Protein chains: 2
Amino acid sequence: MKLILDRAKDQSKLCPVRDVINRISDKWSLLSILALGTHGTLRFNALKKEIGDVSQRMLTVTLRNLEEDGFVSRKIYAEVPPRVEYQLTEMGQGLMQQALQLADWANNQLPEIISSRKKFIKN
Amino acid sequence: MKLILDRAKDQSKLCPVRDVINRISDKWSLLSILALGTHGTLRFNALKKEIGDVSQRMLTVTLRNLEEDGFVSRKIYAEVPPRVEYQLTEMGQGLMQQALQLADWANNQLPEIISSRKKFIKN
DNA sequence: CCGAATCCTCGAAGATACTG
DNA sequence: CAGTATCTTCGAGGATTCGG
């Protein structure tokens, strides 16, 4: 645990926790992971449609990041028009499980969080 | 799980998962939580020193957010000079446990993530 | 000692247009 | 269909100053 604190403090060093948190905390990664986890395999535009309001550029960026870290696999079929299929890797499914655990906890705490916010008076 | 996806998609609605992720994914919240979890109780400047390179403003902002959601408690002593002590609430300790679980998983995946990054060739 | 107020920087995210 | 290339926007985070 001290390890985590130290790693996170010196941001020049490698910090797997921070890496993983960064990966799921950007705007579209978690949604992409959940969509792929639900559907198994999705083509680019199907995934885009599933998420809804993501721009083409941001979905591409998001998927490249997830692919680079090994959470998502990308298969290109040499066809015309091109077909590219995305799916979660085994590690990607593990990441989704972690996120779901966190989600479960968060949902359980929701009433207390709401309550705390109401009590809190700004200024 | 569908719930999570739907909640996250419509960003106008309440999404506890996103809330919690946002809370731990900003630059200083997790470090603050870990520092408080380690030391139990810390005064403002002690916490600042513990974290290291956080600005006064950002530590204040971070702590207010954590306090608002009920993860951190803040006790003000009517002294001169003023003394303010921070510590994790019970829910805050729960949040730290969640983060530590995620950290544990992340550390286990580290070799595979590193490996995947090396294989990935940009352009 | 513990902040609040103000101003500024910089990178994530979006809009738009183009391409193999 | 599945991207890339540019340009722009917007807000988190930082520097600095002032106050109880």
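This is a predicted model, so every value here is computed, not measured.
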When the side chains of residues 90-101 of chain B are checked against the rest of the protein, which donor-acceptor pairs come out under 3.5 Å, sequence neighbours left out?
none

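Atom CG in B:N22 sits roughly 11 Å away from atom P in C:dA13 (whole-Å rounding). Atom CG of B:L63 and atom P of C:dC2 are 11 Å apart (whole Å). Atom pair A:N65:CG and C:dG11:P shows a separation of 16 Å (rounding to whole Å applied). Across the protein-nucleic acid pair, A:L42 atom CG and D:dC1 atom P stand 15 Å apart, rounded to whole Å. Between the CG atom of A:L59 and the P atom of D:dC1 there is a distance of 15 Å, given to the nearest Å. Atom P of nucleotide C:dA12 and atom CZ of A:R64 are separated by 17 Å, given to the nearest angstrom. Separating the CZ atom of B:R43 from the P atom of C:dG3 is a distance of 10 Å, rounded to the nearest angstrom.
Linking ILVMFWY side-chain heavy atoms closer than 4.5 Å, directly or via other members, places A:I76 and A:V72 in a single hydrophobic cluster.
The side-chain hydrogen bond (donor to acceptor under 3.5 Å, both in side chains) check on B:N65 picks up nothing, with sequence neighbours excluded. For A:S55, the side-chain hydrogen bond (donor to acceptor under 3.5 Å, both in side chains) test picks out no residue, with sequence neighbours left out. With sequence neighbours excluded, the residues that form a side chain to side chain contact (heavy atoms under 4.5 Å, CB included) with A:R83 are A:R43, A:Y77, A:E79, A:E85. For the side-chain hydrogen bond (donor to acceptor under 3.5 Å, both in side chains) test, no residue two or more places apart in sequence or in another chain qualifies with B:S116. The salt bridge (Lys or Arg N to Asp or Glu O under 4.0 Å) test applied to A:E112 returns no partner, not counting sequence neighbours. Residues satisfying the side chain to side chain contact (heavy atoms under 4.5 Å, CB included) test with B:S73, not counting sequence neighbours, are B:Q87, B:T89. A:R64 pairs by the side-chain hydrogen bond (donor to acceptor under 3.5 Å, both in side chains) definition with A:Y86, not counting sequence neighbours.
At least one donor-acceptor pair under 3.5 Å links the side chain of B:T60 to the backbone N or O of B:Q56.
You'll find the side chain of B:P16 stays beyond 4.5 Å of the side chain of A:I113, heavy atoms only.
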Quiz item: What string of B, S and - do you get for nucleotides 10-19 of chain D, 5' to 3', if B is base contact, S is sugar-phosphate-only contact and - is no contact with any protein heavy atom under 4.0 Å?
Solution: ---BBB----
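Overall bending of the helix from C:dC1-D:dG20 to C:dG20-D:dC1, expressed as the angle between end axes built from five pairs apiece, is 40° (10° steps).
For B:N45, the side-chain atoms get nearest to C:dC2 when compared with the rest of C:dC2, D:dA2, C:dG3.
Only B:R74, B:P81, B:P82, B:V84, B:Y86, listed by number, bring a heavy atom of residues 73-86 of chain B to less than 4.0 angstrom from any atom of DNA chain C.
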